[in-house]
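See structure below.
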Amino acid sequence: MDLFDIVTQQIANSLILGSFYALVALGYSMVYGIIKLLNFAHGDIYMVGAFIGFTALSLLVGFLGDGWLGISASLILSMIATGFLGVGIQRLAYRPLLSAPRLSILITAMGVSLLLFNTVMAATIGEYKAFETGLGFEGLDFGNIHISYTQIVLVLATALLMVALTLFINKTIYGKAMRAISIDMDACRLMGIDVNKVIALTFFVGSALAAAAGVMAGVYYGSIHFFMGFIIGLKAFTAAVFGGIGIIPGAMLGGLLLGTLESFGTQLSWIGTEWKDVFSFGLLILILVFKPNGLMGRTEIERM
Amino acid sequence: MAILEVKDLTLRFGGLEVIDTLSFDVEEGGIVSLIGPNGAGKTSVFNCLTGFYRANAGDIRFRNESIMSLKPHKITARGMARTFQNLRLFKQMTVIENVKSGMHCRTREGALGALLRSAGQRREEAEIERVAEECLAFVGILEHKDRLARNLPYGDQRRVEWARALATRPKLLLFDEPAAGLNYDEKERLIDLIRRIREELSITIFLIEHDMGLVMKVSEKVVVIDYGKKIAEGGCAEVQSNPKVIEAYLGKEDEDGN
Amino acid sequence: MAANDGSGAAVARRTGLAGVEDRLAAFFDDRRHRYAVFAALILAGLLVPRVGSNYTLEILTNSFLYIVLCLGLNIIVGYAGLLDLGFAAFFAVGAYSTGILTSTFGWNFWLAIPPALLFTVIVRVIIGAPTLRLRSDYLAIVTLGAGEMIRIIARNMKDLTGGASGLIGIQRPSLFGLELNQISHYYYIFLALAVLAVFASDRLEHSRLGRAWKYVRDDEDAAEAMGIDRVAVKLSAYIIGALFAGLAGCFYAAKMTAISPETFQFMQSIMILVAVVLGGMGKIAGMVVGAMAMVLFPEVFREIGSMRMLVFGLILIVMMIFRPQGIWPDRRH
Ligand SMILES: Nc1ncnc2c1ncn2[C@@H]1O[C@H](COP(=O)(O)OP(=O)(O)OP(=O)(O)O)[C@@H](O)[C@H]1O
Ligand SMILES: [Mg+2]
């Protein structure tokens with residue numbers, strides 16, 4: 001492989017990896033933006049989304065086949081179901097604690113994370129599940145590098161979701177309400193905005209996006225596992241902070257950049273792939289030290 | 001002699017100039033008030049003085065040294081203490097524990113002293129206890145010292161804050177709207193307390209207050225700001241008759257003219 | 001939560017359970033009562049090896065280890081209010097440092113303790129210091145990641161740590177010429193460590209530093225305004241908490257003679273946290289109860305096995321919503 005091949009290969013890897021990170025990072029960022037909670041359980045929501053998609057596909061396969069039609073249907077089903085799961089979690093676990101000390105809600109989020117992934121672990125007896133699809137390996141060749149149509153479609157689907165989200169945030173009344181609540185929740189309450197409803201909607205959208213990423217990761221990697229949400233949860237958080245937490249385009253940018261840094265970073269001979277996770281974590285610490293507000297965030301002085 | 005000199009202080013949030021080239025002095029041993037309509041930037045001035053906000057330009061000199069780049073705890077250690085507009089007590093702790101926090105910057109025992117319970121550490125703890133009780137007695141709530149701070153009535157919680165600030169042994173004490181939420185009796189006692197702090201403890205006082213009656217009774221000098229700019233400065237009578245001040249407060253006469 | 005304010009307490013007092021709680025709390029409010037109960041417990045602890053089976057000793061040794069770990073985490077989470085989700089990492093650093101120094105470099109166990117503790121502090125500062133200025137949620141996730149990273153590093157640095165299979169053949173220490181190789185030896189050692197940890201926690205809590213931790217926990221800005229350096233105070237909580245874990249790790253390595261990265265995974269950190277939350281953050285007696293409960297629970301309910309973690313998740317959520325002060329009764333004023 002020459003340099004051109006390596007670069008092409010890594011660009012492809014960056015885009016795929018970056019798409020997953022970005023989709024999960026969006027959920028972190030949206031929830032943080034609106035209620036200033038770091039939802040530790042978000043990585044597990046991604047994992048649950050993958051399993052719901054997997055279940056849906058195995059049920060639908062007889063009717064719609066295991067090609068794109070069946071996959072799209074399972075993806076949408078999973079997004080809806082996981083969205084409602086997110087709303088349920090918010091309603092039961094987080095809402096009672098909105099005005100409690102921060103420590104309480106953080107610990108609760110940790111509890112939700114444990115609950116989710118141990119439930120799935122018990123249900124799957126801790127085994128990997130093969131995410132079988134009928135997608136082939138056809139694709140485009142760039143030099144010695146083969147990029148499958150599956151990869152291309154996944155990246156395009158991510159782009160589509162992000163465009164839809166941007167339109168939703170900027171053009172709809174709910175998007176406006178979300179932005180308003182993130183600035184001043186009490187004022188919104190006084191203005192008659194149904195704050196609880198908007199918070200629930202935020203959880204719905206964030207969870208649905210994570211589910212989409214989960215199903216896509218299943219399709220891409222070919223297998224899913226109850227622990228798959230843990231590391232990506234950390235990475236997506238890194239991406240969200242990198243872009244500027246609470247800022248929607250920031251999460252997208254952060255995800256793509258982290259994917260790129262990680263793909264190219266691990267190409268450096270002195271960083272082996274087994275150090276990949278340590279690499280992105282080191283990056284997180286560096287970002288937090290030197291640019292805690294992220295690339296797109298503004299320095300805000302906390303109100304006293 | 002001035003204990004605090006503020007020169008051309010400027011603070012911006014985004015495009016908004018919250019404080020605009022503000023200059024004034026607080027004389028040592030005096031009682032000075034900072035007044036102005038809601039949102040004029042008074043609390044922001046306090047936040048700059050105590051190091052919580054970084055001013056964009058200008059200079060703050062406290063006891064003849066610039067404190068512009070110091071962190072809040074360093075400024076407190078140099079002898080400037082403050083209270084907050086909204087109560088900021090340590091809610092899960094008792095009244096006396098709250099007040100002991102003020103002594104932190106005047107003491108030094110660390111983990112090792114605590115673990116070994118050395119003679120020096122025990123002496124220091126006794127001293128902290130003594131000062132805290134003294135401060136509580138000074139503001140008149142010594143009998144509540146072992147209650148949880150959050151279980152006290154509002155007026156008494158305010159007094160815990162004052163005692164806590166006194167326990168830092170300040171040279172200059174900043175009060176942010178100390179009379180807010182107090183009833184008539186409590187306000188009278190506050191006026192008395194402010195005077196006693198100056199007379200008995202020789203601490204200079206700089207306060208923000210909306211209650212004009214109180215301001216006129218205690219202060220020797222008043223600084224008036226509006227939209228972050230100084231619009232008047234001087235004695236009570238002088239400021240009260242200043243047309244700019246009347247204009248800034250117009251329509252607020254009923255609230256403040258009690 | 002309601003039980004925290006005056007009216008809630010009055011309502012609660014009428015119910016039977018709360019009445020018992022109140023009396024318990026009042027009893028333990030008296031320092032002499034506390035010391036008497038504590039002394040009785042130590043005495044009982046010293047007598048157990050005469051009657052207990054090796055199985056009992058093993059379980060109790062484990063719970064003493066957990067008491068030390070819980071008291072360490074309690075300093076960070078309970079007193080300073082900083083959520084640390086990777087606490088087992090410092091337990092690991094203590095254990096690995098001791099293991100490597102004694103087995104690879106042939107050091108005497110007792111001489112290996114100070115460098116192991118120094119190492120724990122260094123790692124703690126590297127992970128803690130850069131992020132201390134940040135919001136508490138950031139801290140939580142950084143510690144979560146850090147815990148994992150330390151485990152991955154331990155797995156990847158094969159030459160030093162033995163990789164995934166871990167270190168084996170760690171030397172047994174000896175004391176006054178007696179080689180410590182019996183379960184009862186370690187029972188006494190960990191009992192002593194637990195007693196030491198309780199004493200240290202009690203003294204720290206009621207000191208200038210302990211109060212500063214709580215000021216920062218309750219209101220950072222107000223603490224800063226009172227002249228408290230919040231960064232230094234948080235860092236000291238981090239370091240002292242980690243030292244408890246590091247010390248426990250040293251003796252753990254000696255007791256086990258073999259350690260592997262999996263002992264220190266994320267779940268270990270979570271178990272310690274659950275014990276702390278269950279016992280009641282910020283309360284020493286609560287830590288003892290929580291640690292005991294945590295070790296005994298899986299022994300008593302063996303059939304639950306793999307569902308254990310699921311139960312722990314539920315415990316965290318339910319405790320935070322309904323009884324954030326833990327199972328141990330609260331003092332009420
Ligand atoms: N951290 C901050 N970020 C952005 N704007 C701020 C911040 N702090 C204060 N402001 C703005 O600065 C202006 C002055 O606020 P400040 O609290 O200083 O007023 P004030 O004179 O104390 O008013 P009040 O009498 O109501 O207490 C207000 O418009 C406020 O919204
Ligand atoms: Mg104000």
Side-chain angles (χ1 to χ4, degrees), chain B residues 46-47 50-52 71-84 87-95 97-117 121-122 124-125 128 144 146-152 161 164-165 167-170 174, chain C residues 4-10 29 75 78-79 81 121 133 196-233 235-241 243-244 281-283 324-325 330-333:
Chain B
F46 269 26
N47 285 337
T50 48
F52 283 98
K71 286 211 195 113
H73 69 267
K74 288 264 162 65
I75 294 176
T76 308
R78 293 214 178 173
M80 189 191 306
R82 74 174 289 176
T83 67
F84 292 90
L87 281 175
R88 298 288 289 267
L89 290 176
F90 305 116
K91 292 215 171 58
Q92 300 184 51
M93 304 178 78
T94 63
V95 169
E97 281 173 331
N98 264 277
V99 179
K100 283 179 178 179
S101 67
M103 281 295 282
H104 190 89
C105 59
R106 304 286 169 234
T107 44
R108 48 185 28 75
E109 286 290 339
L112 212 58
L115 287 174
L116 303 176
R117 206 156 270 180
Q121 193 262 357
R122 275 176 290 150
E124 195 183 86
E125 278 298 307
I128 294 172
H144 298 314
D146 290 322
R147 289 178 64 187
L148 277 187
R150 62 154 182 258
N151 291 344
L152 257 47
E161 259 210 354
R164 194 174 71 171
T168 67
R169 303 225 174 114
L174 311 184
Chain C
N4 275 344
D5 57 52
S7 63
D29 249 2
I75 289 181
Y79 296 155
V121 172
R133 283 180 182 76
L196 206 67
V198 168
F199 259 110
S201 294
D202 184 51
R203 292 199 158 180
L204 286 169
E205 184 187 351
H206 299 103
S207 75
R208 170 175 174 270
L209 185 59
R211 285 192 301 269
W213 290 333
K214 294 187 195 171
Y215 299 140
V216 169
R217 171 194 70 192
D218 276 10
D219 189 331
E220 279 189 44
D221 290 326
E224 187 81 31
M226 299 322 291
I228 291 164
D229 183 348
R230 69 177 108 183
V231 176
V233 163
L235 193 61
S236 72
Y238 258 170
I239 290 175
I240 294 174
L243 278 174
F244 278 55
M281 294 176 281
K283 284 179 286 189
Q325 74 273 30
D330 228 3
R331 284 192 304 158
R332 299 186 187 116
H333 292 268

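Every chain is numbered from 1 and lettered A, B, ... according to where its sequence line falls, protein lines coming before strand lines. Here the structure is a predicted model, which is why all the values come from computation and not from measurement.
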B:Arg82 to B:Phe84, cation-pi by 6.0 Å centre distance and 45° axis angle: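 Ring-cation test returns yes.
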
Pi-cation contact, B:Phe90 with B:Arg164 (under 6.0 Å, within 45°):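 Yes, a cation-pi geometry.
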
Heavy-atom contact with chain B under 4.5 Å, split by part of C:Ile240: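 Answer is side chain: those atoms of C:Ile240 sit under 4.5 Å from chain B.
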
Checking [X] against chain C: side chain, backbone, both or neither under 4.5 Å from a heavy atom?
X        : answer
B:Leu116 : backbone
B:Glu125 : side chain
B:Lys100 : both

Relative to chain C, which of [options] shows the most heavy atom pairs under 4.5 Å?
options                               : result
B:Thr168, B:Asn98, B:Thr107, B:Ile128 : B:Thr107
B:Pro72, B:Ala167, B:Ala81            : B:Pro72
B:Met93, B:Lys91, B:Arg106            : B:Met93

Choice from C:Gly282, C:Gly227, C:Gly210, C:Ala223 maximising heavy atom contacts with chain B below 4.5 Å: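 The residue among C:Gly282, C:Gly227, C:Gly210, C:Ala223 with the greatest pair count is C:Gly227.
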
Leading residue by heavy atom contact count with chain B [cutoff under 4.5 Å; candidates C:Glu224, C:Arg208, C:Met226]: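 Option with the greatest count: C:Arg208.
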
B:Met103 and B:Glu124, any side-chain heavy atoms less than 4.5 Å apart: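 A side-chain contact is absent here, since even the closest heavy-atom pair is not under 4.5 Å.
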
Derivation and outcome, side-chain contact (heavy atoms from CB on, under 4.5 Å), residues C:Asp219 and B:Leu89: CA-CA 7 Å; C:Asp219 189 331; B:Leu89 290 176; over 6 Å; no

Heavy-atom closest pair, residues B:Cys105 and B:Thr76: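 Minimum heavy-atom separation between B:Cys105 and B:Thr76: SG-CG2, 4.4 Å.
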
Mutual orientation of the aromatic rings belonging to C:Trp213 and C:Tyr79 [parallel < 30°, tilted 30-60°, perpendicular > 60°]: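 Taking C:Tyr79 first and then C:Trp213, their aromatic rings lie parallel (interplane angle under 30°).
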
Within 6.0 Å of CZ in B:Arg108, more than 12 heavy atoms from elsewhere: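 Not more than 12 within 6.0 Å, no.
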
